[in-house]
Every structure is written in C-alpha cells, then in structure tokens.
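Sharing a structure, written as structure tokens. Questions coming.
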Amino acid sequence: MSRYNIREIEEKWRKLWVERRCFEVSEDLSKEKYYVLAMLPYPSGRIHVGHVRNYTLSDVVARYRRAQGYNVLNPMGWDALGLPAENAAMERNTLPADWTNNNIAQMKEQLLSMGLAIDWSREISTCEPEYYKHEQKMFLDFYKKNLAYRKESIVNWDPVENTVLANEQVVDGKGWRSGAPVERRKLNQWFLKITAYAEELLEDIKKLERWPEKVRIMQENWIGKSQGLQFNWNIAGREEIIEVFTTRPDTLFGASFIALAPDHPMSVALAANKEGFDAFIKQCQTMGTSEEVLAQAEKIGFDTGYKATHPLLPGKEFPIYIANFILMGYGTGAIFGVPAHDPRDFEFAKKYDLPVCPVVIPQGQNLENLVEASVEPGFMRNSEFLDGLDNNAAKIEIIKRVEALGNGFGTTQYRLRDWGVSRQRYWGCPVPFIHCEVCGIVPVPEKSLPVSLPMDINYDAPGNPLDRHPTWKHVDCPSCGRAAQRETDTFDTFFESSWYFLRYLDPHNDQTGFDKKKSGYWMAVDQYIGGVEHAVLHLLYARFFTKALRDCGYLECDEPFTGLFTQGMVTHETYQDEKGQWLYPNEIDKDETGKVVTIEGGKAVTVGASVKMSKSKRNTVDPQDILDTYGADAARLFILSDSPPERDLEWSEAGIEGAWRYINKLYRMVNEADLSPPGSPKSAIFSANAVKLRHITHKTITEIGSEIEAFHMNKAVARIRELSNAIGDFKMQDQSDQWALREAVETLVCCMNPMIPHLAEELWHFLGHKTILAEEPWPVADDCLLEANTVTIGVQVNGKVRATITLPANADQKTAEEKALAEPGIQKALDGKKIRKIIVVPGRIVNVVVG
RNA sequence: GCGGACGUGGCGGAAUGGUAGACGCUGCGGACUUAAAAUCCGUUGGCCGUAUGGCCGUGGGGGUUCAAGUCCCCCCGCCCGCACCA
C-alpha cells in the first residue's frame, strides 16, 4: 500500500471536479433548488482562518444538500471596494484597483486549494463597473421612489487630511492618522429611507425562524419600536412650547421635571446666556453619545430657571432642565421626568432633590420610601381620573384625553435612523448625480451609466482623489447642458453587499443587475453563513434592499435569507517573551521538560489566554501553511471537530495534527480492510458482529444527516469517528461478513464526503467505483436496521444507578423488572428494604423505590 | 445601566427529565524499533480501597420529581450587543 500523498491526491480530485464542472449549476425546474451563501470576503491579501471556517461550513452544507438531490447554488465573490485599499495605496504607492485585483488573484488561489464546491463561473467582484453600474441604476430607482434623499448631517472632519473620519478613526478627539483635533462639520449627504420600512423590517423578523434568536433580538432592539404619546408643554412666561415623547404616558401625574437634550434648539433658546451653560454643554459633548455611555454616566443637568406647565396638571409648575442623558436623535429630544418609575429620572431627582411621586402601584406594594425606581405594572394612584385603572388601561385613557384637548397624539417611534450612504472617498461606487448651478441636483441619465471611477489618480495631496482629479468631475448638465460637476462622494460599501447575493444569480447580465425570473427560481437564500459581527448592519441593509428592490419591481421576494448561521471566532493562545514582546506560534516550541521556550535562543515564554487571532498579538496562523503542510481535508476536519460552529474555535497545533493523523488512519484502514469484491451480492445471513456493525452503519447515515442539518458539525465528525472505530474493532466471524464490512466502509466514505471530500473521493475510487462521489446521492438508511435488537439500560435504587442490564429491545416491563431485581448489585443495594414501587421506562431506565 | 447568551474532567466538548463525561486533544503505562519518528494496545473526573466495590461530583444555595447538567426561584462569575469600523 502506498502512503497517502495528500498534495498529489487532493490536487488530482480538485482538477477533476473543475474539468467536469461538477459544481456549476443553472436553473433546473425539475429539481428543488438550495441556495447556500457564505458572506463574501474582503480581499485583504491572504485568507485567514476565519475564512477557512466560514467556507468549510458552507461547503459541508453545499455538498450534503447536493447529495440529497438539491440543485445547489454555492457562489463566491469579492467585496472589493473599501477603505483598506486606499490606505494600502497610500502606504505602498500603488493604486487601490491594482492592490485589490492582486489580492483577489492570490486569495482565489488559496480558496481553490480548499477544494470548495463552488460555482466559480459566477464569481463577481464589486469593484468592477460591470457590477456597480447596476447599483447606480438601483439608486436612481430608489431616488424616483423617494427612498433616497439628501440632507445635512454632522460628520467628523479631519482638517489635515481633508477627509471624513469614522467614529473609530477618532482617538481622543483627534484624527487617528494626522493627530489633528477633529472638527464637527455639516455636510450635505445622501440617505436611504430605511425608516420607511421600519415596521415591515420589524414585523418580518417573525418569519425568520431559521435565524439565531440572538440576531433577531439584536435587530428588534436596533429598530427599537416604541409606542407612546407625543404632546406639548407650555413654558411659563414664553411663547414657545416644548414637545415631549413618552412611552409611559400613564405616569404623567408622577412627573416632577422636564429635561431637554443638550443640543435641543430650546436648550440654547432658554439658557444660552445663563452662566455655566457653555461649560455644561462642553461637558456633555466630551462624554460621547452612545446609549451605553449615557446609561452608565452620572446624570447631570443644568437648570434653565424656566418652568413648564401642562393643561392636565393645573396649577403645577415643573423645572426645565437640560440633561446629559437625553438624546436629541430619539423621540423629540425632550422628556418629562418621573423619578418614581424610571431609573435614570430617579437618579437625576435624587441629585437635584426633586420630588418622587409614585403613581403606578404594583400589587402588594406601597412604594413608600423608594430606594430605586419601580418599573413594574400596577394600578394607578394619585392620578385623578386615572385612579384605580391598571396602568396599561391608563395609557390608553390619557392618550384619549390629551388628543381630545388637541394637545398631542398617540404615536409610534423607532430608534432606527435613515442610512447615510455618502462617503467622501475614492474607492467606492460613485453616486450617479450631477450638481448643476441652475438645475440643482440632477440624476445621471441611465444611458450614461456606469459612472466609472477614474484609474489615473494619485494620493499626492490630502483629500478625496475624485475631488482633486483634473477632469473627472467636470461634465455638462444632462438637463440644461451647462458646465456642471459630478457628485464626488461614493457609496458606503455596505451598498455592494446589500444585493450581491442577487448578482450571483445572473452574474454576466449587462442589461440589468439580475433577471427577475432567475431570482424567482433561486431566491431566497436557504442558508446564509457568516460572522455574527454582521448581525445588525449588513443583514438589516440587505433585508431593506430586498424590500426596496421588490417595490421597484426588481423581484418578488420579501426576505433575502430564510436561514442564517453565525459562526464563532477563531482564537489562539498568545505568547510573550521575557520582555513582553508578542511571539508568533511558529516562533515557540516545547523543550524536553515540556516548558515553552523560543525556538531561537530557548528563552522562557509566557503562555497567555486564547483570544481572537489578531496581528497585534501575533497569535495568528497562516492557513496557507496549514494547507501546504497538512492538506485541505485535515484543515477542514479540524475546523469542524470539537467546537460547535457557533462558538469560538481554539486553534491548536495539536488539534490540526490530530486531524491529519486521522486522515491517514482512515486511508490505511480502508486500504487494509478485508472487503467483499465490488458489486458482490448481499449475504443472506450475518453473524452477530455483522448485525451490530450494520446497525451502527445505518444509524450513522441518519444521524450524520440530522447533525449536519442542525449545524452540529462537531457531532457529525464524532459520528464519523464512531463508525470508523466500529469498523476498526470489527471481528469477522464469517466470510459473508465481508459484505457487511464493505457496506460499513462505503457508508463511511459517503458520509465523510461533505467534510473531507478529497479523501472521500480517493477512497470511493479505491473501493472500485467509476463514478464521482461528489455526484453521488446520500446513502439511504434501512429503517429495519436503525433499532438495535438489544438495549443496555441503567437500574437505579432510589434514583442511584446500581447496575446495568441488557435486554431485548422489545422486552416488556415485567421482563425488565425481573431482570433488574435479579441483579446482585441491586439485591445488595435493596438490603432487604421494602420495595414501594418500581418505575420502568422501556428502553430507558428501571428505578426501584424503597424505604 | 438596559438587553441577550453562557458556566459540565487537565483542555475542546457530548447527554428527547432516565447509565453524566459520547467523540476528541493532552498526559501516563506498554508493544514494535539499535534508537527515534510513525503506528498499535491499555489507561486517563476526584477521593478511599489489594479488590468485588464505595463515597463525592455538571459555578453556589434552595425547590419540584421515583429520577435534575437538563425544569422553577435566589445568588455568583464570565462573555456579547447597545448607531453609522467594514
């Protein structure tokens, strides 16, 4: 027997799959379709282990579904636009396009060596005008539908780089690159009206049954629907009113102050000339605006000195504060504070010595001397006409009353905000609009699409190269013909990833983004797989796009992804030398005593926690090294073993070596097995051992299937190992048992195919088959063999296991009882005590209750 | 702070309310070898015992049940999300 030559054999089968175009598919109405999609990678240069995990998972699903008879689409492409390419271009003096295309070529090479069942004929790259011209058309359609609009909004502006910074690029109020203090600047920017779909996006989350609960909750929270009352307060001595929104109108009679957001227009109007105002506003601005920070920060306020009054609360006046915990972007930017029933208001009231008046009293409580806010439901008190109602009824009642007064209205608020898509960058899809001094903002005519990025750009000066380009932006106005200028903003790159899954369906269509009929066949994606970091933004944007495109007539599909799986991160131990410098895993080793030391110099190494792989901690492994050393199958197997896919996976050298050893073991085992010749007739009679083996064989078929469907890939691998252990342990009792052994081995090979396809294909061939395993159906289990003919169950005395007994599978209760009581261990445990009752659960347990 | 997960051997992890620790990794002992690697066999939750065996054990405390890792209540710990980084 020749040694398993991983490189040669894996290469051989990959070549054959490509030659036979095994994984290229087209619409086939005779078959049920199955669309498997892995989140498309950003072409950063080399694949990382996270990619290997992602694409191994999608590949297992694709190969398994294919064997199940589905017409499986499993495409791949490149999320090729984005900031890193510009950073790289600046650092290396190249062009973003060159850097990106180079990376794509390299990464494709690497992905090919993983042996993925991908239809590469559908490969797309989002930086090609052939791709983005269609999204320019979509944007124009959105504009026509009033789903795209411009508005002024505030950005972080780096005055040295002449560029807009993302929040994470602002470090301590300074630009991450330039170190210059960041300015808040108002710019006119494009927005997509995702809020128009807030209700549908929320409502349809219910349909996404095969999404992780966690992601659905995150999206629900993000959309943040709340129902309440919006109404007006008067300001004593002034004409203006203050509009507030509350989700707790029932607590109105418990109010003790009014609070405005620091950037509320009335804040300036009421307090701009007051002493300390500027300092207070400054203080508010330094602490950030995230809900997390506001919720945990000390609640501080600035007393405007004005009082508010409300028609429902005659004779009462409420101080008007400006408070740091009120957000201008949510509701109306103003609230009435009810310390007794809101934790933040309570904290605020304690600090400024404001009254705490409980009005919603939970059953069995009196809420005297509150030490914290009470948010439980209850019955109304101290609330005039609401008294005695339960607080939910009170909400309805008070909204009625306020509406009758003409002072406000019941309304629904969403936390979701419109999606700002403008980026002041070069390496993105140009926004297809033209600015004309006379006509204003004018769409680029469809026949003039695409608006392509110029390739002759440079980074010699700060700012957006599109803006500085000598000719690119100068065009004639399509409407009046006068000299005009192109929009130099480009789209947020979430734009590309919001519809790429549709482009895969019709990747070479130059007339339209995709054919409606094709989308009718393939959509929706049956199984989407990617990182949980995309739980909200990408997935919400893609859902929005699908609905918006539907309403623009592009397709008939409400939700893009019916099944979603979010994989965990890949982690690795960290290593530091004596000086605290981080070391790469390939710089360390164990010495004879088992101590971890540096390979160079043998110096002591501190082994740290296993954390997400990152370049800064140098705890990365290069998948290419793994693929070169151990082969694709070993890498795939290790990725799938042990850790459930949704949890973090700890990469270890021992683990990958274990997988590699097992690959070799399987190869040897099958090669050495004493099998009946291919195609031999089934034996008429099997020995006891063979019957047992056949039971395991057939059980494995159904179990692996359901484990893969449930994404329990670690358990699917365990079932493979169990079957191979059973094969290894099998003692032949009779020549006819050879057939049972062949059956077991062939089943093993078929079942391991989704996970380790190269070896499976090789062994399939070795077993004498002329077919390609990638094209073979999933084996069918014989139902008669699924049940074992004997079962071993525990026998308990008072709930403690004292013995085990083996019974025929169909044994009745009486038999089980008798056999259990006959056990010496049971007799001993009974110790002559009186038996009160015996519980027999057939096939499960016998419990003797005594005493 | 709010919302949501999670907590099982030395490690990753299995367990429709029914034999806790499947399947692995590591460690230990042995075989083969001049030797090593590879491979194979055995063993590997803790404590007591020569042993048959016994006791303890799923973060902690209570409860429901014939039976609880699993269900309920309280507590502790850890992780994730909470607005434009993709």
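Just so it is clear, the values below take in all heavy atoms, side chains as well, and ignore hydrogens, waters and symmetry mates. Order of the sequence lines sets the chain letters (A, B, ...), proteins ahead of strands, with each chain counted from 1.
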Taking only the P atom of each, what is the distance from B:C72 to B:C23 in whole angstrom? 30 Å

Nearest-angstrom distance from the residue atom CD1 of A:I663 to P of B:G24: 14 Å

My understanding is that a pair needs two contacts under 3.5 Å, Watson-Crick or G-U wobble. By that rule, which nucleotide pairs with B:C25? B:G10

With sugar-phosphate meaning primed atoms plus P, OP1 and OP2, does A:I838 contact a base, only sugar-phosphate, or nothing at under 4.0 Å between heavy atoms? nothing

In whole Å, measure the gap between the C1' atoms of B:G21 and B:G7 for me. 16 Å

Starting at the 5' end of RNA chain B and moving along, which residue's nearest nucleotide shows up first, A:I845 or A:W222? A:I845

Report yes or no: do A:H712 and A:E646 form a side-chain donor-acceptor pair below 3.5 Å? no

note: A:E657, atom CD; B:G24, atom P; distance rounded to Å ~ 17 Å

Roughly how far apart, to the nearest Å, are B:C28 and B:A15 at atom P? 30 Å

B:C25, B:U19, B:C82: which one has an atom nearest the side-chain heavy atoms of A:R721? B:C25

Is it true that a side-chain atom of A:Y131 and a backbone atom of A:E496 form a donor plus acceptor pair closer than 3.5 Å? yes

SB check A:K350 A:E347 (cutoff 4.0 Å): no

Its contact letters, B for base, S for sugar-phosphate only and - for none at protein heavy atoms under 4.0 Å, make nucleotides 3-13 of chain B read S--------BS

Between B:U33 and B:U26, how far apart are the two P atoms, rounded to whole Å? 25 Å

Going by the angle between their ring planes, with limits at 30° and 60°, are A:F491 and A:F495 parallel, tilted or perpendicular? parallel

Quick one: label A:R216 by what it contacts on the DNA or RNA (base, sugar-phosphate, nothing), any heavy atom closer than 4.0 Å. nothing

Within 45° of the axis and under 6.0 Å from the centre of the six-membered ring of A:Y662, does NZ or CZ of A:R721 qualify? yes

Using whole Å, report how far CZ of A:R719 lies from P of B:A14. 11 Å

What does A:S652 touch in the nucleic acid at a heavy-atom separation under 4.0 angstrom: a base, only the sugar-phosphate, or nothing? nothing

Mark yes or no: A:R216 above the aromatic ring of A:W211, with NZ or CZ under 6.0 Å from the six-membered ring centre and no more than 45 degrees from the axis. no

Is it true that, when you exclude A:R344 itself, more than 12 heavy atoms of the residues, nucleotides or ligands shown sit nearer than 6.0 Å to its CZ? no

Take the protein atom CD1 of A:I704 and the nucleotide atom P of B:C23, then report the distance between them rounded to whole Å. 14 Å

Just checking, any donor-acceptor pair under 3.5 angstrom between side chains of A:D489 and A:Q189? no

For B:G4, glycosidic torsion class - syn if within 90° of 0, otherwise anti: anti

Indicate whether the side chain of A:T806 and that of A:T792 have a donor and an acceptor atom separated by less than 3.5 Å. yes

Polar atom pairs between nucleotides 66-70 of chain B and protein, under 3.5 Å, N or O only, would you list them?
| from | atom 1 | to | atom 2 | distance (Å) |
| --- | --- | --- | --- | --- |
| B:C66 | O2' | A:N847 | ND2 | 3.1 |
| B:C66 | O2 | A:N847 | ND2 | 2.7 |

How long is the line joining CD1 of A:I639 and C1' of B:G24, in whole Å? 16 Å

Reading RNA chain B from 5' onward, which residue's closest nucleotide shows up sooner: A:E722 or A:D492? A:E722

Polar side-chain atom of A:N798 near backbone of A:V850 as donor-acceptor pair, under 3.5 Å: yes

B:C76 to B:G61 separation - P atoms, rounded to the nearest Å: 15 Å

Quick note, A:T493 side chain, CB onward, closest among B:C23, B:A83, B:A86 is B:A86

What nucleotide among B:G24, B:C82, B:U19 has an atom nearest to a side-chain atom of A:N725? B:G24

Closest of B:C82, B:A14, B:A86 to the A:E533 side chain is B:A86

Specify whether A:W99 and A:Y42 have parallel, tilted or perpendicular ring planes, treating 30° as the upper limit for parallel and 60° as the lower limit for perpendicular. tilted

Round to the nearest Å and state the distance from A:I826 atom CD1 to B:G53 atom P. 12 Å

Relative to each other, are the rings of A:Y528 and A:Y500 parallel, tilted or perpendicular (30° and 60° limits)? tilted

What nucleotide, of B:U16, B:G24, B:C82, holds the atom closest to the side chain of A:R844? B:U16

When the P atoms of B:G9 and B:C82 are considered, how many whole Å apart are they? 31 Å

Between B:U34 and B:C25, how far is it from one P atom to the other, in whole Å? 28 Å

From CZ of A:F638 across to P of B:C25 the rounded distance in Å is 11 Å

Any base atoms under 4.0 Å from A:Y42, or only sugar-phosphate, or nothing? Heavy atoms, all strands. nothing

Do the charged groups of A:D418 and A:K193 touch, with an N to O distance under 4.0 Å? no

Please enumerate all protein N or O atoms sitting under 3.5 Å from an N or O of nucleotides 39-44 of chain B, with distances to 0.1 Å.
| from | atom 1 | to | atom 2 | distance (Å) |
| --- | --- | --- | --- | --- |
| B:U39 | O3' | A:R668 | NH2 | 3.2 |

What integer distance in Å separates A:R415:CZ from B:C84:P? 10 Å

Looking at every strand, decide which applies to A:W419 at a 4.0 Å heavy-atom threshold: base, sugar-phosphate, or nothing. nothing

Does A:D79 use its side chain to pair, donor to acceptor, with the backbone of A:L40 at less than 3.5 Å? no

B:U8 and B:G60: how far apart are their P atoms, nearest whole angstrom? 10 Å

Should A:R719 and A:E707 count as an ion pair when the cut-off is N to O under 4.0 Å? yes

Could you check which nucleotide pairs with B:G18 in any of the strands shown, counting Watson-Crick or G-U wobble with both distances under 3.5 Å? B:C66

Taking a pair to mean Watson-Crick or G-U wobble geometry with both distances below 3.5 Å, B:C47 pairs with B:G54

